[in-house]
There are 2 protein chains.
Amino acid sequence: MLLGDRKLAILRTIIDDYIVTAEPIGSRTIAKKYELSSATIRNEMADLEEMGYLRQVHTSSGRVPSDKAYRFYVDKLMQVNALSGNEAAYIKDVYEKKSTQLEELLMLTAKTLSDISNYTAIAVGPKIDTVVVRSVRLIPIDANYVLLIVVTDSGIVRDMMIRKPFDMDESYLDKVSEKLNFYFRGRPVGGIGDDVFDQVKDGFLRDKVFFNSLVDAISETVESSNTRKVYTEGLNNILDIPEYSDIIKAKEFFSLMKKKQLMFDLVDSDMPQGVNIHIGDENPIEEMKSFSVVTATYCVNKKIYGSVGIIGPKRMNYPKVISLIDNVVDELTQHLVALGDGSGGYDEEE
Amino acid sequence: MLLGDRKLAILRTIIDDYIVTAEPIGSRTIAKKYELSSATIRNEMADLEEMGYLRQVHTSSGRVPSDKAYRFYVDKLMQVNALSGNEAAYIKDVYEKKSTQLEELLMLTAKTLSDISNYTAIAVGPKIDTVVVRSVRLIPIDANYVLLIVVTDSGIVRDMMIRKPFDMDESYLDKVSEKLNFYFRGRPVGGIGDDVFDQVKDGFLRDKVFFNSLVDAISETVESSNTRKVYTEGLNNILDIPEYSDIIKAKEFFSLMKKKQLMFDLVDSDMPQGVNIHIGDENPIEEMKSFSVVTATYCVNKKIYGSVGIIGPKRMNYPKVISLIDNVVDELTQHLVALGDGSGGYDEEE
DNA sequence: GTTAGCACTCTCTCTTGTTGAGTGCTAACA
DNA sequence: TGTTAGCACTCAACAAGAGAGAGTGCTAAC
């Protein structure tokens, strides 16, 4: 059987309605909109059900769109419009004048996505094998402390106060910084193993105590860059979605969203550039098969770096979510500072 | 009427029981524990109710402790034991080898408090008038960017990538850093108004573009230190508490906890050093009068800096929460780096 | 002072009936 | 052949009612 124009129109109406109301749609509702009798619509609906686009919750209930219907809707029926002026302005404003720190930006991104969509949003950091140490530096602070700073190419900056075991002047610290840079600059964070740290420690024969604690701190720092982070926002939005607003389901959802590895699997699985839509069963992880997830990747230095995603009910507002995520990822990518490759010199780039 | 030994014992049993079960306690339950008939217990309970220590939920229900009873329990009846070895070890481990950044430590503290207590925890940053700029510094990163670093005396480190409008070598950056330090070091963050920034901008006549963006960045940075932060963890624990495990109440709670000013009022109102307990009506803010809140202050340089708190039902496990918060604040204070006053020189401190 | 007994109260759960929205099917109509 | 009116049927949701069970207060006896 083919999807004639009328069936198409009815299907679209049902989906549009259901996205808003979350209630099964009956034939009378549709009949009113097309000057046809409810009986005729019932016949059409029965056909659409047979073709796999609609389901009934129970024998005498109205119809609800199937996963197949949503997929069809996303591929063929819906129209993605630009974000409203207000919302676009709001987003611009959020990113305006903000730190260029990846972590802060990701947090902000998750928050913005969830605030505007009213769904749950996540943002995940880069895969470790893509992060490279850009610079290591010691800064004098006071009589007792120096500040250790480690910068990576994606603008991740880590710092740690280190206690000085003895007096040291600035030129001394500069020398040490230089030495540390020699060892660490350009190394991918994921590729620094204990052997490297040990080797570096051996390289500093004098002032062993201080250097040990320095190297330990760098190791700690690298370690924490090494663990990919997940930023989740708008978890509680789930409570406003009728399908999930009961304690048991909400709790399940919360504990699900806490599992970091699952979240990586959710947004990483395959990441072709651009916006990706996974509807229900299409999701790579079992636990999310009753949700829809819209993801997108962000880039630094034109390399794919990580992903962000919006998690909502299958009847989510796809057009809005898609233009939202597109817009936000654009802004995010623009604000991520692309640092040089650290090969030194003032090479022209951009 | 006086609280005789038996009444005391019964009251304690009722409170202990109710803390665990959250169910009104009937006379039979108590009677079994003291070889007395339920009728006798009923008489005692009626007395206790008359004295204001117990309430009935409805005419034929068992008894529930009143706010007065909890207060009495906290002041006279309970015994605060040391934290279990496991838990103490867990806390030690959490703080071991962690960054000395105030913000990260506060986040960690809230998380630890909520993880161990299974209630909701908050941690708030210092009041702005107590934070002083310790050091400002520019670090060369690559051909296009320098990293601006601002350190405050509580170990808050802020950084921001700044685009260079022209080539500049390290000694030039050092000179600029020195100048910035001259203007900002020692200033309380809260006391830097727009006039100061304007004045500093005027001080840099050459290279105006660059300095403007630098000063803007510092202003931005100071601004963001200027907004006190609240870190909340374990919000969802509310769902495990029977009294609050319904959608409406949970939502109310969530939106309540989002109101930053309320949270400040909640933990700041009066902060005598040490652990503070507010039971129900004793809470300084209206919205929290059905909860109990246990707070404690943490210090840097022996000055009170901010507070942390645990929010739970009035029937919370006070002994455990108290020893927990005590333990954690101790650990937190130990890990907060006390920086020198910035007056220069290698003055002996500690 | 303690206790057994009893009438009473209130919540909670289970059952039952009713209503209303929706269906599928059939037969008649244009 | 597509459309429609009509009708029997199904199911969820709600309300009302009946017990059961846990608890109380009070009284009278020990």
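Within every chain, numbering begins at 1; the chains are lettered A, B, ... in the order of the sequence lines, protein sequences first and strands thereafter.
- Note: CD (B/Gln56) to P (C/dT9) measures 14 Å, nearest angstrom.
- In this model, no donor atom of one side chain and acceptor atom of the other lie less than 3.5 Å apart for A/Thr40 and A/Tyr34.
- With a 3.5 Å ceiling on both atom-pair distances, the Watson-Crick or G-U wobble partner of D/dA28 is C/dT3.
- A straight line from OH of B/Tyr34 to P of C/dT3 spans 15 Å, rounded to a whole angstrom.
- For the pair A/Asn43 CG and D/dT3 C1', the computed distance is 9 Å after rounding to whole Å.
- Between the side chains of B/Arg55 and B/Ser66, no donor N or O sits under 3.5 Å from an acceptor N or O.
- An OP1 or OP2 oxygen of D/dG23 is reached within less than 4.0 angstrom by no side-chain nitrogen or oxygen of B/Ser60.
- Of all heavy-atom pairs spanning A/Ile14 and A/Arg63, the tightest one is CG2-O, 4.4 Å.
- In terms of phosphate contacts, A/Arg63 brings a side-chain nitrogen or oxygen within less than 4.0 Å of OP1 or OP2 of C/dG24.
- Residues A/Thr112 and A/Tyr90 have side chains that never bring a donor and an acceptor to within less than 3.5 angstrom of each other.
- The distance between atom CD1 of B/Ile30 and atom C1' of C/dT2, rounded to the nearest whole Å, is 18 Å.
- In this structure, CE of B/Met45 is placed 15 Å from P of C/dT3, rounded to the nearest angstrom.
- A/Ser27 has a side-chain polar atom (N or O) that falls below the 4.0 Å cut-off from OP1 or OP2 of C/dT23.
- Close to C/dC10, at under 4.0 Å from its OP1 or OP2, lies a side-chain N or O of B/Thr59.
- Here the P atom of nucleotide C/dT23 and the CD atom of A/Glu44 are 13 Å apart, to the nearest Å.
- Between B/Ile41 atom CD1 and C/dG1 atom P there is a gap of 15 Å when expressed in whole angstrom units.
- Note on B/Arg42: every side-chain N or O is 4.0 Å or more away from OP1 and OP2 of C/dG1.
- Straight-line distance from the CD1 atom of B/Ile25 to the P atom of D/dA22: 15 Å, rounded to whole Å.
- Of the residues near DNA chain C, B/Thr40 and B/His58, the one whose nearest nucleotide (by heavy atom distance) lies more toward the 5' end is B/Thr40.
- Searching all strands for a Watson-Crick or G-U wobble partner of D/dA15 with both distances below 3.5 Å returns C/dT16.
- The two residues A/Tyr119 and A/Asn317 have their closest heavy-atom pair at OH-N, 3.1 Å.
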